[in-house]
Amino acid sequence: MSRLSESIARAFRGRSAVIGVPYGWLLAFFLLPFLVVLRISFSEMENVRFKDLLDYQDGVLQLTLKVSNYLFILQDELYIATYLSSLKYAAITTALCLAIGYPFAYFMARAKPTLQPALLMLVMLPFWTSFLLRVYAWKGLLGEGGWVADWLTGIGVDRLLVLAALIPAEGKFMNTPFSLVIGMTYTYLPFMILPLYANLAKMDLSLLEAAADLGATPFKAFWLVTVPLSKAGIIAGSMLVFIPCVGEFVIPELLGGPQTLMIGRVLWDEFFANNDWPMASAVAVVMILMIIVPVAIFNRYQAQAAERGT
C-alpha cells in the first residue's frame with residue numbers, strides 16, 4: 001500500500017512539474033509584465049515617475065484609477081481608425097499567407113520523403129537572415145529601379161493596383177498599402193506553412209482512397225476530406241500570423257506610409273515621441289484585449305465542440 005501511495009505521489013509531482021513549468025513561464029513573461037503595463041495605464045505621471053494607485057493617509061486607504069486614457073481611446077476617431085486598420089491589414093496578410101502557404105504545405109506533405117527535408121529547409125532558410133535586413137531588401141526591390149518594381153510595371157500590374165487604390169500612382173510601390181502587405185506576407189509566410197505542413201504530413205491518405213472509391217472527384221475529396229482534417233493547422237497558422245501582424249511596428253515603419261497607420265507605430269510615438277507612458281500603456285492593453293479575448297472565446301468554443309463530439 002505504501003509503494004502504491006509513493007507511486008501516486010511521484011506521478012502527481014511529475015504531473016505538477018510538467019504543468020507548472022509552462023504556467024510559470026506564462027506567469028513570469030506574460031502575466032506579470034502585463035500587470036505592470038496595466039498598472040501604468042491607470043497611473044498618472046509626475047515628471048519621471050508614476051503616482052501610486054494606493055494611497056494610505058490618516059487611516060484611509062484610497063484607490064485612484066485614471067480611466068481618462070481608456071475613455072479617450074474609445075472616443076477618439078484616430079485611435080479607432082488605427083485599431084481597425086491594424087485588424088484589416090492583419091486579416092489581409094493572414095488570408096494571403098493561407099492562400100499561398102496551403103498549396104506549398106500540401107505539396108511538401110505529398111512530396112517524396114527524401115525531398116521533404118530540402119523543402120522544409122527552403123521554408124526555414126529566410127530565418128537565417130536578419131529580419132531587419134529582409135525587410136530592408138524589399139525597399140530596394142519595390143523602390144525606384146528595383147527589379148520587382150520594374151517587372152510589375154512591365155506587365156501592367158501597377159495600373160490594376162491604382163484602380164484598387166493600393167498605390168497612389170503607376171510605378172509608385174513603396175510606402176503604400178501594397179508594399180506593407182507584401183512585406184508582412186513575405187515575413188510571416190513560414191509561420192503559416194510550418195503548422196500546415198505538420199498537420200498535413202500526419203493525415204491518413206487511406207481516407208482519400210476511400211473517398212475516391214465512393215465516387216468523389218479529386219477536388220471534392222480534397223474539399224470534403226483534406227481541408228476539414230487540416231483545420232487545426234489552418235487555425236494554428238492563422239493565429240501565428242494574425243496576432244503578431246496586429247502589433248507589427250518594423251514593417252509599417254519601413255514599408256508603410258501615411259495611409260497605413262498601424263497601432264504599433266502609434267505605440268512607438270506615445271512611448272518615445274510624446275513620452276506619455278500611461279496613454280501608451282492603455283493603447284497596448286486595449287490591443288492585447290482585442291487579440292486575447294476573441295482567441296480565448298474561440299478556444300473555449302473549440303473545446304466545447306470537441307467535448308460534444310466525443
Working note: Val123 + Met108, criterion side-chain contact (heavy atoms from CB on, under 4.5 Å); need CA distance, chi angles, decisive distance, verdict. CA-CA 10 Å; Val123 174; Met108 288 174 58; 3.8 Å; yes
Leu196 vs Leu98, side-chain contact (heavy atoms from CB on, under 4.5 Å): CA-CA, chis, key distance, verdict: CA-CA 9 Å; Leu196 281 172; Leu98 180 60; 4.2 Å; yes
Tell me, with the steps shown, if Phe104 and Tyr197 meet ring-ring contact (aromatic ring centres under 6.0 Å, His included). CA-CA 8 Å; Phe104 196 90; Tyr197 165 72; 9.5 Å; no
Go through the steps to decide whether Met192 and Ser238 satisfy the test side-chain contact (heavy atoms from CB on, under 4.5 Å), and finish with yes or no. CA-CA 6 Å; Met192 178 67 76; Ser238 298; 3.9 Å; yes
Evaluation steps, side-chain contact (heavy atoms from CB on, under 4.5 Å), between Met203 and Leu208: CA-CA 10 Å; Met203 199 182 82; Leu208 296 177; 3.8 Å; yes
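Leu240 and Phe127 fall within the same hydrophobic cluster, where Ile, Leu, Val, Met, Phe, Trp and Tyr residues are linked whenever their side-chain heavy atoms come under 4.5 Å apart, directly or through other members. Each of Leu84 and Ile73 belongs to its own hydrophobic cluster when Ile, Leu, Val, Met, Phe, Trp and Tyr are linked at side-chain heavy-atom distances under 4.5 angstrom. Linking ILVMFWY residues whenever their side-chain heavy atoms come closer than 4.5 Å, directly or via other members, places Val250 and Met287 in the same cluster. Residues Leu289 and Met262 are members of one and the same hydrophobic cluster, defined by side-chain heavy-atom contacts under 4.5 angstrom among Ile, Leu, Val, Met, Phe, Trp and Tyr. There is a path of hydrophobic side-chain contacts, each under 4.5 Å, that joins Leu132 to Tyr188.
Cation-pi check for Arg134 over Tyr136 is not met; the charged atom does not lie both under 6.0 angstrom from the ring centroid and within 45 degrees of its normal.
Each side chain to side chain donor-acceptor pair (under 3.5 Å) pair with one or both residues in residues 141-158, not counting sequence neighbours, would appear here, but there are none. Judged as a side chain to side chain donor-acceptor pair (under 3.5 Å), not a single pair has a partner in residues 85-95 (not counting sequence neighbours).
For the atom pair Asn69 CG and Asp76 CG, the distance stands at 12.0 Å (nearest 0.5 Å). Note that CD1 of Ile251 is 9.0 Å distant from OG1 of Thr185, once rounded to the nearest 0.5 Å. Atom CD1 in Ile193 sits 8.5 Å away from atom CD1 in Ile100 (nearest 0.5 Å). Atoms CD and CZ, on Glu270 and Arg265 in that order, are 13.5 Å from each other to the nearest 0.5 Å. Separating the CD atom in Gln116 from the CG atom in Leu120 is a distance of 8.5 Å, to the nearest 0.5 Å. The NZ atom of Lys202 lies 11.5 Å from the CG atom of Leu229; values are rounded to the nearest 0.5 Å.
Under the 30°/60° scheme for interplanar angles, the aromatic rings of Phe272 and Trp268 are found to be tilted. Aromatic ring pairs are classed by plane angle as parallel below 30°, tilted from 30° to 60° and perpendicular above 60°; the pair Phe50 and Trp277 is tilted. The aromatic rings of Phe173 and Phe178 sit tilted relative to each other, their planes meeting at an angle between 30° and 60°. Taking the six-membered ring for Trp and thresholds of 30 and 60 degrees, Phe30 and Phe34 have nearly parallel ring planes, at less than 30 degrees apart.
Remark: the Tyr102 side chain and the Ser230 side chain contain an N/O donor-acceptor pair separated by less than 3.5 Å.
Aromatic rings of Phe242 and Phe191 (six-membered ring for Trp) have centroids beyond the 6.0 Å cut-off, not under it. Less than 6.0 angstrom separates the ring centroid of Phe42 from the ring centroid of Tyr70.
Considering only heavy atoms from C-beta on, Thr176 stays 4.5 Å or farther from Leu166 through its side chain.
Although no hydrogens or angles enter the test, the distance criterion places no donor-acceptor pair under 3.5 Å between the side chain of Lys139 and the main chain of Leu255. Under the 3.5 Å distance criterion, the side-chain polar atoms of Asn274 are left unmatched by any main-chain donor or acceptor of Asp276.
Scanning both residues, Ala28 and Pro33, for their nearest heavy atoms gives O-CD, 3.4 Å.
Surrounding OH of Tyr23 are at most 12 heavy atoms belonging to other residues, nucleotides or ligands under 6.0 Å away.
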